[in-house]
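Notes to accompany the following structure.
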There are 6 protein chains.
Amino acid sequence: LREGQLIFTYLHLAADEGLTRRLMETGVTAIGYETIQLADGTLPLLVPMSEVAGRMSVQVGAQYLEKRHGGRGVLLSGLAGVPPAEVVIIGGGVVGQGAAMVAVGLGASVTIIDINIARLRYIEEIMRGRVITVMSNLDNIERSARYADLIIGAVLIPGGKAPMLIGRKTVEKMKPGSVIVDVAVDQGGCIETSRPTTHSRPTFAYRDVVHYCVGNMPAAVPRTSTLALTNETLPYVLELAGLGFEKAVRKNKALAMGVNVHKGKIVHPNVAKAFDLPCGKLV
Amino acid sequence: LREGQLIFTYLHLAADEGLTRRLMETGVTAIGYETIQLADGTLPLLVPMSEVAGRMSVQVGAQYLEKRHGGRGVLLSGLAGVPPAEVVIIGGGVVGQGAAMVAVGLGASVTIIDINIARLRYIEEIMRGRVITVMSNLDNIERSARYADLIIGAVLIPGGKAPMLIGRKTVEKMKPGSVIVDVAVDQGGCIETSRPTTHSRPTFAYRDVVHYCVGNMPAAVPRTSTLALTNETLPYVLELAGLGFEKAVRKNKALAMGVNVHKGKIVHPNVAKAFDLPCGKLV
Amino acid sequence: LREGQLIFTYLHLAADEGLTRRLMETGVTAIGYETIQLADGTLPLLVPMSEVAGRMSVQVGAQYLEKRHGGRGVLLSGLAGVPPAEVVIIGGGVVGQGAAMVAVGLGASVTIIDINIARLRYIEEIMRGRVITVMSNLDNIERSARYADLIIGAVLIPGGKAPMLIGRKTVEKMKPGSVIVDVAVDQGGCIETSRPTTHSRPTFAYRDVVHYCVGNMPAAVPRTSTLALTNETLPYVLELAGLGFEKAVRKNKALAMGVNVHKGKIVHPNVAKAFDLPCGKLV
Amino acid sequence: LREGQLIFTYLHLAADEGLTRRLMETGVTAIGYETIQLADGTLPLLVPMSEVAGRMSVQVGAQYLEKRHGGRGVLLSGLAGVPPAEVVIIGGGVVGQGAAMVAVGLGASVTIIDINIARLRYIEEIMRGRVITVMSNLDNIERSARYADLIIGAVLIPGGKAPMLIGRKTVEKMKPGSVIVDVAVDQGGCIETSRPTTHSRPTFAYRDVVHYCVGNMPAAVPRTSTLALTNETLPYVLELAGLGFEKAVRKNKALAMGVNVHKGKIVHPNVAKAFDLPCGKLV
Amino acid sequence: LREGQLIFTYLHLAADEGLTRRLMETGVTAIGYETIQLADGTLPLLVPMSEVAGRMSVQVGAQYLEKRHGGRGVLLSGLAGVPPAEVVIIGGGVVGQGAAMVAVGLGASVTIIDINIARLRYIEEIMRGRVITVMSNLDNIERSARYADLIIGAVLIPGGKAPMLIGRKTVEKMKPGSVIVDVAVDQGGCIETSRPTTHSRPTFAYRDVVHYCVGNMPAAVPRTSTLALTNETLPYVLELAGLGFEKAVRKNKALAMGVNVHKGKIVHPNVAKAFDLPCGKLV
Amino acid sequence: LREGQLIFTYLHLAADEGLTRRLMETGVTAIGYETIQLADGTLPLLVPMSEVAGRMSVQVGAQYLEKRHGGRGVLLSGLAGVPPAEVVIIGGGVVGQGAAMVAVGLGASVTIIDINIARLRYIEEIMRGRVITVMSNLDNIERSARYADLIIGAVLIPGGKAPMLIGRKTVEKMKPGSVIVDVAVDQGGCIETSRPTTHSRPTFAYRDVVHYCVGNMPAAVPRTSTLALTNETLPYVLELAGLGFEKAVRKNKALAMGVNVHKGKIVHPNVAKAFDLPCGKLV
């Protein structure tokens with residue numbers, strides 16, 4: 001790394017002071033995927049990872065419901081004369097909608113819980129009759145948890161800590177062998193009993209409830225994840241290559257938001273604030 | 001009525017000795033819709049009435065779930081954030097499949113219970129993911145009854161008495177304001193607390209459970225019922241008109257099964273047996 | 001009621017001067033569900049009632065098509081060999097879309113008429129091939145009315161009088177026994193022959209056309225309606241309870257729009273205008 | 001061609017005495033695709049051609065509805081605010097079901113007319129809500145013809161003459177620019193005004209109604225047709241090659257039914273009858 | 001034409017100086033459908049024509065895949081045992097979505113390529129599992145072109161020249177008998193080998209690839225196109241008739257954008273710029 | 001075990017002479033689930049296990065496509081802009097149809113290969129447009145294998161050895177990291193490179209192709225499997241308990257076919273033949 005070079009990747013500097021200072025010293029320009037932000041606040045380079053994680057979560061849950069993994073030994077789809085398993089999805093955003101599509105596709109009974117009625121309305125409209133939408137409150141969540149075979153924790157707040165929506169007491173009332181997949185674990189998880197696990201040891205049991213809490217789920221399907229990510233990043237790369245850095249960030253505000261370090265200075269307020277450093281202007 | 005004339009309509013003679021003897025005296029030939037029977041045992045002129053009754057049953061149930069009729073005050077479909085009502089259909093034959101199609105269409109949560117796995121398999125195949133199929137046994141029926149908002153009694157045995165599948169005790173455990181529509185009431189009903197009602201006073205309550213037990217449901221939609229019935233009867237009429245009675249019954253065994261009285265004699269064994277009369281031969 | 005207390009419910013003050021003055025005298029703060037308004041003009045606490053009324057309208061219409069209620073005696077769904085009934089929905093907003101979903105689910109032939117092409121385009125997209133969308137004009141409406149078995153009047157203008165879209169002459173050309181459900185009757189109705197009815201005497205006939213014009217349809221399914229309404233109101237209640245009135249209305253503009261009376265003064269312009277009273281400022 | 005050789009193809013000998021006699025003289029064994037027949041009477045090597053013709057018929061009809069071909073200038077699917085075209089399919093067998101699938105897929109309003117209620121019931125079940133099923137009788141056919149934009153004549157009787165279901169008078173009442181595709185034209189057609197046309201001059205007009213009556217429709221898509229046909233014929237070829245002719249026809253009755261000429265003799269009764277020749281026994 | 005009159009139709013003045021000057025001389029007020037523009041930049045009077053062209057494109061492509069037109073002789077839908085044809089749609093806007101709906105309805109295998117991920121996400125959501133969505137880049141386009149039976153060129157840039165996305169080299173690698181329908185041909189086409197054709201000679205072949213490049217496709221279905229267009233123009237006409245020109249253009253900005261010539265002056269900047277004329281102000 | 005007792009379970013005696021002789025000595029009556037057979041040849045107590053295995057196979061395949069298990073690292077469903085994985089199912093019977101339903105539900109591209117056209121036709125009808133049906137022959141199988149991400153071996157012949165349909169050479173041409181699930185492994189497998197594995201070590205790699213060949217897949221979901229099996233066996237148990245053995249086997253031919261050992265004698269011909277023992281008569 002040396003001055004004038006351009007780095008464009010996931011940085012997560014606010015969590016790593018050493019890396020931040022090192023980048024400042026080298027004089028590189030560092031753009032972080034995770035801070036590129038559209039005018040409406042969405043983080044476009046995080047969306048595809050949420051989509052992958054959501055779709056994968058139910059597939060993973062189906063697997064850990066097998067007996068040999070400690071699960072209840074139920075098949076998500078059921079079959080004629082045997083009711084399907086109950087999947088409860090906490091959160092109806094990108095992750096939750098992806099999870100619902102797969103759970104419905106597998107033939108499960110699916111309940112989706114969210115506090116945003118407009119979101120539930122849209123989900124009901126496009127999956128009419130296949131998903132039960134429920135208002136999020138403690139009572140509804142606890143009742144759902146009791147009958148669930150599989151719970152997907154899908155409440156992520158962009159850039160913030162996930163709210164804790166299922167407490168220890170509720171987990172203790174779940175059926176033995178039921179499974180929790182907490183997709184929000186990277187942000188602290190939305191289930192009290194969650195703690196981060198890894199792809200090599202993905203699960204642990206808390207009172208006979210199997211917990212799958214792998215932080216970086218998309219890493220399990222790198223081919224798909226990489227293609228999805230590249231589809232989103234390529235236009236920025238082309239813009240940088242075509243116009244040069246100066247013109248590109250001036251033209252594209254979303255890209256400008258992504259710049260963290262430039263000419264030895266921090267230029268992103270959150271990173272500056274994290275280490276109490278001065279925050280420079282980009283242009 | 002006089003000798004040589006031909007009557008082709010619903011007769012139900014086995015239940016009316018006076019009518020039977022009167023028909024014998026007049027010398028008419030009387031063919032009963034209800035005894036026309038195909039080689040495989042099906043009664044083709046009863047099928048459309050079962051279809052109408054099945055489809056109508058859920059529509060009627062939705063209505064009596066309204067508060068002013070004593071129902072629980074729930075909308076079958078629910079809406080975003082409010083789960084749909086639970087409809088439990090006992091029996092997966094013509095009536096039950098019709099009821100399931102309508103209940104699914106209205107957006108309810110639908111469970112269908114039958115003892116015939118092959119039948120459940122077919123229903124699961126064509127309504128995949130929209131209906132939960134459950135094996136019929138006491139335990140499953142009682143559990144379903146407890147959470148049902150609407151139960152459709154749809155177990156009819158062609159020409160026989162309906163089996164009693166939901167006992168008084170089970171009805172007493174149902175939710176207040178839940179509704180039962182017993183389509184089988186004409187044949188004794190498949191729910192212990194059923195007793196026949198009429199279109200003018202269609203319901204009664206037993207322990208806060210609304211019972212709709214009108215015997216002849218298709219009479220409520222005579223235009224549809226008549227068209228459906230005529231579609232089935234017309235080919236027989238054309239055959240009778242085209243070939244004459246003798247040739248027609250010789251050619252068409254199903255039609256021959258329909259003849260009850262001919263030249264002053266009973267020629268259908270069930271009618272003869274009902275009144276201990278001799279049974280003549282048709283030809 | 002006494003000073004300092006807070007009322008949060010449907011108020012409809014503009015229609016009741018006595019109530020308005022009484023609230024002013026008591027010194028309570030009165031927030032009306034019906035005037036809470038989002039930045040884009042939508043009235044979020046009215047939407048769920050429209051959803052319920054729309055879905056219920058077709059279910060009610062199906063019932064009154066029964067012969068004993070004066071209807072044509074047709075089953076909405078039809079059956080094999082007997083075409084389904086024709087349902088014509090005037091208006092493609094929340095009410096109309098809900099009605100269309102249920103009518104399609106019941107198996108009817110559904111036509112939806114609106115003046116807003118973008119709205120028709122969306123409905124066509126999500127119900128492709130199940131609903132015929134038609135541009136609203138006199139010619140199209142009259143032609144549709146002639147073949148309709150069931151017309152749903154679903155044109156509501158938030159806070160305004162419904163436009164009269166089907167005139168007496170057109171109603172007179174409808175088929176005998178056809179049914180009109182005018183969901184807009186509370187706002188004057190969109191059909192000339194409508195006049196408000198009640199849940200205890202819900203219908204009347206005009207020239208053999210059955211009219212169902214109950215003003216407050218959701219009252220028939222209070223359990224569903226209450227849950228739906230509470231889902232929408234609870235967040236406001238929590239905000240009021242958590243922050244106190246002053247902070248809550250300052251933070252939440254939609255809630256502030258809902259305040260009608262505060263500290264003895266009218267603070268909502270429409271109410272003030274209705275009785276020619278001065279309109280105070282909320283904060 | 002010489003003695004002992006085996007021919008396996010479409011023969012249609014009953015229509016060609018010269019060819020028949022020539023085959024007898026050469027001493028070849030000739031198996032006709034069109035007379036291979038299963039125990040239940042179906043002609044398996046004709047089914048795929050009916051499937052192709054049925055699916056193609058609506059696609060062809062859509063094309064001739066274009067103005068430049070004399071059609072009404074309507075798009076089958078319509079679009080938001082413009083109703084789709086009306087497609088009426090006479091006959092619900094293999095041809096009609098294929099046509100219905102495509103017409104529904106294209107977004108048209110589809111009516112299917114048949115005399116077989118069980119068949120209509122199955123079509124209603126698998127295409128629920130997308131197709132209107134109507135009992136076949138003169139009244140229903142004439143009413144449908146009047147509003148149709150496109151009529152598909154799809155009534156074929158295996159090995160027989162198609163019944164004439166739409167008379168000249170009815171065609172004269174059709175809308176100007178409407179289109180008829182008579183798939184049954186090879187068997188005389190089921191529409192009175194049909195007469196065979198060719199792929200090079202496929203249509204003619206009768207009173208402003210465009211008629212497409214090409215006899216061998218599958219020839220337009222030879223790649224698809226050949227693959228479909230080969231899928232059906234290959235098992236017979238393998239059986240002939242593996243077992244030899246004698247064993248193969250003894251084992252496979254359907255194949256035996258296909259043999260028309262063997263060792264200089266006619267061995268299929270219909271061919272023998274056509275030319276008043278003696279009918280030999282196959283084995 | 002004389003002073004004070006109002007013309008409201010398609011004008012396309014920027015392409016016709018003679019017509020422009022003539023309109024200026026007459027003193028008429030000329031509003032062009034094609035320059036009416038909503039606040040968000042969409043051109044509402046062009047949308048319905050794009051919808052018609054998109055839906056028609058696949059129907060036309062199906063036709064030219066027939067052997068007699070030089071096509072590969074494949075049926076889009078395939079049938080049991082014979083895979084369906086591969087349809088590749090370049091562009092996921094109004095044209096592309098319409099094409100995809102029809103191609104899916106016909107039973108083809110459908111790939112849709114676009115550079116806008118949000119657009120692909122919406123299409124995936126409403127046609128889940130029926131369409132493969134692919135990121136637009138040279139590699140993906142070329143790979144798709146090689147296996148395509150039918151390519152729909154559906155990339156239109158409102159008011160601009162279509163980008164050339166499939167080069168001559170790629171067309172040369174396509175399968176013999178495959179078909180290209182370039183809907184964008186009016187704007188230069190998005191395929192290098194396209195050149196405009198007419199309804200009377202709609203196709204030409206380039207290296208065995210059939211090209212259909214008719215500029216004004218909706219003209220083939222004038223009844224549908226006219227209804228669709230009138231649905232969009234009528235509200236403007238009513239506004240002009242009701243308010244008069246002055247008030248109407250003051251109230252409705254979209255309409256004002258449509259005015260090209262007023263009181264002898266050009267008032268639309270693009271037209272003025274095209275002929276280097278001064279651009280007047282409308283009011 | 002002692003004389004007069006009745007055993008009703010899976011026996012598989014033909015594969016275990018010791019067990020057979022021991023049962024003969026004890027004098028018990030032994031009924032084998034696996035030999036109960038309906039008049040049409042189906043083995044009803046094997047069907048539910050095939051259903052479970054078929055549905056589970058795709059779920060298992062999805063899991064082993066993850067990178068950490070040696071798979072290609074693809075997500076079956078893909079996402080917007082990234083095509084889904086290709087699933088190829090060899091065999092369209094109970095196992096294959098179950099696999100197809102789940103694969104379609106997960107959003108994969110699904111090809112199903114079978115030699116039975118009627119079967120493919122039914123699958124096409126109920127999953128129209130979601131599954132590509134392909135005739136089974138060496139060429140089609142090899143071509144499909146080359147592009148497959150996941151192959152499900154689903155060809156089982158009741159009571160016989162599975163045919164070997166994918167040879168070693170074909171497996172060697174598969175993409176690295178692709179996955180094979182051979183459901184037929186219990187019967188020798190339909191893929192040459194298969195060899196039985198266990199739930200504790202379920203997979204092995206052959207040339208970078210992951211093979212999952214666990215013999216008794218339903219054991220992974222014992223709760224679902226047991227319920228499904230009990231649904232099928234209970235009616236037989238009730239019949240045995242209600243009528244006694246003698247009457248039950250006389251009344252129910254399917255049950256009688258299930259008896260293997262009775263009063264010290266073998267009474268099922270296949271078992272007798274396996275060990276060259278005399279075969280007694282049941283009654």
Side-chain angles (χ1 to χ4, degrees), chain A residues 58 62 74-92 96-97 100-137 139-141 143-144 146-149, chain B residues 58 74-92 96-97 100-137 139-144 146-149:
Chain A
V58 173
V74 297
L75 185 69
L76 271 196
S77 72
L79 62 164
V82 184
E86 295 282 349
V87 177
V88 173
I89 300 167
I90 313 289
Q97 186 178 336
M101 284 205 308
V102 170
V104 159
L106 279 166
S109 265
V110 184
T111 300
I112 197 158
I113 299 180
D114 202 300
I115 205 161
N116 181 341
I117 287 278
R119 188 73 198 155
L120 293 181
R121 205 168 274 144
Y122 178 70
I123 289 173
E124 210 218 11
E125 235 163 75
I126 63 168
M127 300 197 202
R128 169 141 175 83
R130 302 297 304 266
V131 166
I132 292 176
T133 58
V134 171
M135 187 59 176
S136 179
N137 58 46
D139 195 45
N140 283 340
I141 288 177
R143 195 169 334 127
S144 302
R146 280 172 187 246
Y147 70 69
D149 295 293
Chain B
V58 174
V74 298
L75 186 68
L76 272 196
S77 72
L79 62 165
V82 183
E86 296 282 348
V87 177
V88 173
I89 300 167
I90 314 290
Q97 186 178 336
M101 283 204 309
V102 169
V104 159
L106 279 165
S109 267
V110 184
T111 300
I112 197 159
I113 299 180
D114 203 299
I115 205 161
N116 181 341
I117 287 278
R119 188 73 197 155
L120 293 180
R121 206 168 273 142
Y122 179 70
I123 289 173
E124 211 218 7
E125 236 165 75
I126 62 168
M127 300 195 202
R128 170 145 174 80
R130 300 298 304 265
V131 166
I132 293 177
T133 57
V134 172
M135 187 57 175
S136 179
N137 58 46
D139 195 43
N140 283 340
I141 288 177
E142 187 178 321
R143 197 173 327 130
S144 302
R146 279 172 187 249
Y147 70 70
D149 294 293

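To find a chain, count down the sequence lines: A is the first, B the second, and so on, and within it residues start at 1. Since we're looking at a predicted model, the values are computed, not measured.
- Counting heavy-atom pairs closer than 4.5 Å to chain A, the top-ranked of the candidates B/Val131, B/Thr133, B/Ile123 is B/Thr133.
- The contact between A/Val82 and chain B is made entirely by backbone atoms, counting heavy-atom distances below 4.5 Å.
- Minimum interatomic distance between A/Gly81 and B/Leu120 (heavy atoms only, all atoms of both residues): CA-CD1, 4.0 Å.
- Contacts of A/Leu106 with chain B are made by backbone atoms alone, with heavy-atom separations under 4.5 Å and no side-chain atom involved.
- Between A/Ala80 and B/Ile117, the closest heavy-atom pair is O-CD1, 4.0 Å.
- Residue A/Ile115 qualifies as open at atom CD1: its count of foreign heavy atoms under 6.0 Å is 12 or below.
- For chain B, the nearby part of A/Ser109 is the side chain; its heavy atoms alone come within less than 4.5 Å.
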